[in-house]
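Numbers restart at 1 for each chain; the letters A, B, ... are given by sequence-line order, proteins then strands. If you're wondering where the values come from, they're calculated on a predicted model, not measured in any experiment.
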2 protein chains.
Amino acid sequence: MASQTEENYLKSLFNLANEKGEVNISELASQMQVSMPTVNSMVKTLQKNGWLIYEKYKPVTLTPEGKKDAALVIRKHRLTEMFLVNKMGFGWEEVHEIAEQVEHIHAPKFFERMDEMMGYPTIDPHGSPIPDKLGRIQEINYLSLSDCKAGQLVKLAGLTNSSTEFLEFLNGRNLSLGIELTIRSKEAYDQSIVVSYLNHNSETLSEKVCEKLLVKVVE
Amino acid sequence: MASQTEENYLKSLFNLANEKGEVNISELASQMQVSMPTVNSMVKTLQKNGWLIYEKYKPVTLTPEGKKDAALVIRKHRLTEMFLVNKMGFGWEEVHEIAEQVEHIHAPKFFERMDEMMGYPTIDPHGSPIPDKLGRIQEINYLSLSDCKAGQLVKLAGLTNSSTEFLEFLNGRNLSLGIELTIRSKEAYDQSIVVSYLNHNSETLSEKVCEKLLVKVVE
DNA sequence: CTATATTGTTAGATTAATCTAACAAAATTG
DNA sequence: CAATTTTGTTAGATTAATCTAACAATATAG
Ligand SMILES: [Mn+2]
Ligand SMILES: [Mn+2]
Ligand SMILES: [Mn+2]
Ligand SMILES: [Mn+2]
């Protein structure tokens, strides 16, 4: 069974793996906030336990088993976040740190019961997909708001970044998942976008913000 | 901040402390299921951190700080057990192992929210008191069923042992907290007691069982 | 009160997870 | 392509939590 530390490495590896599925030691070190020698010794351990493939001076790759176990930790994390928001009344900006701890609890029934109580949700409070019990993750292809055109009506569906600061920024403008945004205009100079929604008639969103907002086109 | 290991030692120390408040190294070792040298080195650490008083070859004593922090871990444990039973639908025999892990989560809001959702309960699912936010524990003086007399009407209020096996034994006889038991008779030879309750007309409970059942006398 | 048993301590080793310093390989750049 | 920068590895140390073996102090029991 994976230790808390190993579970955290698996999650980082899973999240860093791009199309090629490869992760560099230095990326992993910076993601995990540890030194490269620490990662070097940990990848050897993870390999010994069958979670990844490691060859000297090469980027590492998760094995199928590694991917599955990583996805199951992510599942625990996201189910927890959803439970904290939907069943315990927390704000979406408060749950990540708690989930970061709860995800390491070894008690399948605990998470199954959460899942059941919530009616088997497929996305977490930040719009990220919740892997299923077998560790399969449903790929969703949202569009970034920064790729939308003036005149479009879109629905806010996800975020590419869920930092507390960004979530609080969104709270401050009453922006939450599910809200429909009408794109009033787009400024060619700085790529900022003016949107209207709810009682907000013309809210200007910078490019930095727009590229972090994932939307579904409504019309 | 106490590590998970330290929190577990504090809890054991708190639970082992008798009237004199003293705990022997050997008791603690057997309670924690570790060797005496391990306890010896851990009590030095706990002392260094201000949680207990240790002198060579003497039993150890928790400091006020140690007692408080121990009670706060017990609080997290018992709030969790109550939450799992009352809000998540677990049986009282299923919750201890999960709470043993959840009690180590460092997130005051998480436990405060549980507390609030449950309306600030004062006892856990096994009838043990839940310490308050300051670590104060309310002393309850229940009577053991083995000290009751034939003819008495009593209400089941607590347990001196909450092992899964005992809880399953009680489940098998529909015995749960709050049930009123009429004491039909007491056998002088083996101290067994015959009780009636609900649709159970005459259930015989051995002395071993009776001494683990805590009751309040109704009449 | 002495012998024996129990309890507690010390010494030294182990494992997991981390670090820094030094060095080596690979990648980048002029 | 050679020099430099970046990335990765090795060596060796540290800390927390544990162990076994050996020994020492205290308690118990004839
Ligand atoms: Mn999160
Ligand atoms: Mn975590
Ligand atoms: Mn318990
Ligand atoms: Mn515990």
**Asked** Between Trp92(B) and His126(B), how do the two ring planes meet: parallel, tilted or perpendicular, split at 30° and 60°?
**Response** parallel
Per-nucleotide protein contact along nucleotides 9-17 of chain C, 5' to 3', at a 4.0 Å heavy-atom cut-off (B base, S sugar-phosphate only, - neither), is BB------S
Reading nucleotides 1-6 of chain C from 5' to 3' and marking B where a protein heavy atom lies under 4.0 Å of the base, S where only the sugar-phosphate is that close, and - otherwise, the string is ------
Worksheet entry | Residues, nucleotides or ligands: over 12 heavy atoms within 6.0 Å of Gln138(B) CD | yes
By nearest-heavy-atom nucleotide on DNA chain C, the more 5' of Gln33(A) and Glu27(B) is Glu27(B)
Next on the checklist: So Ser35(B), base contact, sugar-phosphate only, or nothing? Heavy-atom distance under 4.0 Å.
Outcome noted: base
Taken to the nearest whole Å, CG/Leu28(A) to C1'/dT18(C) is 14 Å
Glu22(A) atom CD is separated from dA26(C) atom C1', nearest whole Å, by 15 Å
Note to self: Between His106(A) and Met1(A), is there a side-chain heavy-atom distance shorter than 4.5 Å?
What the structure shows: yes
Could you walk me through whether Lys76(A) and Glu81(A) pass the salt bridge (charged side-chain N to carboxylate O under 4.0 Å, His left out) check?
CA-CA 9 Å; Lys76(A) 290 191 284 178; Glu81(A) 289 189 340; over 6 Å; no
Checking Asp124(A), Asp132(A), Asp115(A) against Arg78(A) for salt bridge (charged side-chain N to carboxylate O under 4.0 Å, His left out), the one that qualifies is Asp124(A)
Correct closest heavy-atom pair for Leu28(B) and Ser12(B) would be CD1-CB, 3.8 Å
Check: Would you say the side-chain atoms of Lys44(A) and Asn40(A) include a donor-acceptor pair closer than 3.5 Å?
Finding: yes
- prompt: Strictly by modelled atom types, are Glu103(B) and His77(B) linked by a side-chain donor-acceptor pair under 3.5 Å?
  reply: yes
